[in-house]
Number of protein chains: 2
Amino acid sequence: MMNPLIRKLERFTRLSDADKRLLQEAASARIVNYDTHQDIIAEGEEPTDVNLILAGWVCRYKHLADGGRQIMSFLLPGDLCDLNIFLLRRMDHALGTLTPVTVAKISRDLLQEMLNTDPRLTRALWWEVLVTAAIHREWLVNIGRRSALERVAHLLCELHVRQRAVGRVRDGRCELPVTQVELSDALGLSAVHVNRTLRDLRLAGLIDWRDKHLAVPDFEALAAVALFDPDYLHLDHEGERFDAAC
Amino acid sequence: MMNPLIRKLERFTRLSDADKRLLQEAASARIVNYDTHQDIIAEGEEPTDVNLILAGWVCRYKHLADGGRQIMSFLLPGDLCDLNIFLLRRMDHALGTLTPVTVAKISRDLLQEMLNTDPRLTRALWWEVLVTAAIHREWLVNIGRRSALERVAHLLCELHVRQRAVGRVRDGRCELPVTQVELSDALGLSAVHVNRTLRDLRLAGLIDWRDKHLAVPDFEALAAVALFDPDYLHLDHEGERFDAAC
DNA sequence: CGCTGCGTTGAAATTGCTCAATTCAAGTGG
DNA sequence: CCACTTGAATTGAGCAATTTCAACGCAGCG
């Protein structure tokens, strides 16, 4: 199995064969499977491993007092969950599966060793952390300031682009194995309104979402509705300027 | 001038005298002043320095096509702005002043050297980055799922607690040198509605905001309205467990 | 004196929410 | 193979929260 993390990190920086071997080993040591709607780690727990998603979709979320929840990230194959375990003792949010999921557990100690010995890999992994924060910021804009139509379209654009970045889009078609309720929990909208908004996008011919797959016939058109600008994903091989330094 | 960053980082980990001297030097090298409503760095620019705020309030924000804006962070004295300059080439957001501001510019090279030579400081600085991301996540919950009253109260609680953490609260009173419009830009609400919501909080005796200063007579009461739980700020000396390792 | 920025208030319009019912597809057990 | 259940999507109707528009007050300042 080609490690999807390697593919993604190579967008950012070139990795040596040794880097890749190290990552590949780390990602093979301890594989764990989860069913749909399970917590990989709950809010308040003390994490012991970093979770690398090999297959399936995961979300970060928090529960609210009134029973609602807010999803703060969608994590796809190749995404790394808790690089913060080195510094923050307790999880201030939970990680839950949206589909059946396979993760590789990378222990603190192993990761620490990788970070100590491999500066290029260190940079690549911190790039992950910073891009995650950049996505959080764009979500703030999305939820705070955009209309429901723009909001839904924007999230669909993001998920489409992120999947394209790791080779998971064919003919404008990618996975979208989440429910409308889950989308609404991510967007700060009601499920009913998400449903109506999706209908509007469908009627406008902008999306075709069926069988857990999203087809976007004209990405530019959808991006225009969403006011989507992919800069915040920092996907354009920015790290290559570091190669000289390594 | 006591460096407010040192005070804050010591909440997280103990710093040696050498660490502190290093930080103190770095924060004295190049001091720059800004007026109110200036950009310290604009969206799209390539940052060259890390900005350490010594005095005044700063915000992260993005402009929208329709002229609106979303504020994504409030940065207070002792906060560090762009630790990401090592990895992300272009700013995906701007940093603007809310008051007259004094910052210390710490160059890439100097910071890089500090990170290379001082692992404890490195950890402390990354703690900054992770806490910033944690605040972003809580803001997502706030904007996505809470009512206007809860939302406003929650932000006021956060700003109060963050200032308490750096010794800037006396008798329940702290600075709040922002306008209602700026609050509304941070909360995803209209300025008019923020005004009405503040009136409700004032009439309920929960806040007293005048002359750029916020007084909270009964913090627990305000926190109850806001559903505020300060865990996400990770202020409770979590890093001490690392002392053994250093 | 007359700006200008900021705060305040009222009234009308709108967006998105809640409640409730219905459909549909995919199991699951008898 | 059918009856039943369950999870998800869909639709309508009424309602509530928030926005928008518009006006006015007030203080600081050139």
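Please read these numbers as outputs of a predicted model, since none were measured by experiment.
Across all strands, B/L189 comes closer than 4.0 Å only to sugar-phosphate atoms, never to a base (heavy-atom distances). Residue contacts shown for B/G68 are absent, as no nucleic acid heavy atom lies under 4.0 Å away. No engagement by B/A191 is indicated, since no non-hydrogen atom pair under 4.0 Å with the nucleic acid exists. Among the heavy atoms of the strands lying under 4.0 Å from A/R202 are primed sugar atoms or P, OP1, OP2 only; no base atom is included. A/T179 comes within contact range of the sugar-phosphate backbone alone, with a heavy-atom separation under 4.0 Å but no base atom that close.
Distance B/W209 CH2 to C/dG7 P: 6 Å, rounded to the nearest Å. Rounded to whole Å, atom P of D/dT19 lies 13 Å from atom CG of B/D66. With rounding to whole Å, A/L149 atom CG is found 11 Å from C/dT15 atom P. Counting to the nearest Å, the P atom of C/dT14 and the NE2 atom of A/H193 are 15 Å from each other. Per the geometry, CZ belonging to A/R210 stands 17 Å off C1' belonging to D/dA8, to the nearest Å. With rounding to whole Å, A/R146 atom CZ is found 14 Å from C/dG16 atom P. Atom pair B/D200:CG and C/dG7:P shows a separation of 17 Å (rounding to whole Å applied). Between A/D185 atom CG and C/dG16 atom C1' there is a gap of 16 Å when expressed in whole angstrom units.
Screening residues 164-173 of chain B for side-chain hydrogen bond (donor to acceptor under 3.5 Å, both in side chains), with sequence neighbours left out, gives B/R168-B/E175.
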> Would B/H93 and B/Y61 count as a ring-ring contact (aromatic ring centres under 6.0 Å, His included) if you check the C-alpha gap in whole Å, the side-chain angles of each, and the deciding distance to 0.1 Å?
Replying inline: CA-CA 6 Å; B/H93 60 273; B/Y61 71 91; 8.7 Å; no
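Phosphate proximity of C/dT8 to B/N195: present, with a side-chain N or O under 4.0 Å from OP1 or OP2. Proximity of B/Q180 to the phosphate of C/dT8: a side-chain N or O atom is located under 4.0 Å from OP1 or OP2.
Looking at the side chain of A/H37, the nearest of the listed nucleotides C/dC19, C/dT9, D/dA8 is D/dA8. Distance from the side chain of B/A148 is smallest for D/dT18 among the nucleotides D/dT18, D/dT11, D/dA22.
Where B/V192 and A/R151 meet DNA chain C, the nucleotide closest to each residue was compared, and B/V192 sits on the side nearer the 5' end. Of the two residues contacting DNA chain D, namely A/E182 and A/R145, the nearest-nucleotide position lying further toward the 5' end is that of A/E182.
Taking 4.0 Å as the cut-off between side-chain N and carboxylate O, A/E150 and A/R145 do not count as a salt-bridged pair. A salt bridge does not link A/R90 to A/E43: none of the charged nitrogens lies less than 4.0 Å from a carboxylate oxygen.
Proximity of B/N51 to B/L80: side-chain heavy atoms (C-beta onward) are nowhere separated by under 4.5 Å.
A donor and an acceptor atom sit less than 3.5 Å apart, one in the side chain of B/R196 and one in the base of C/dG10.
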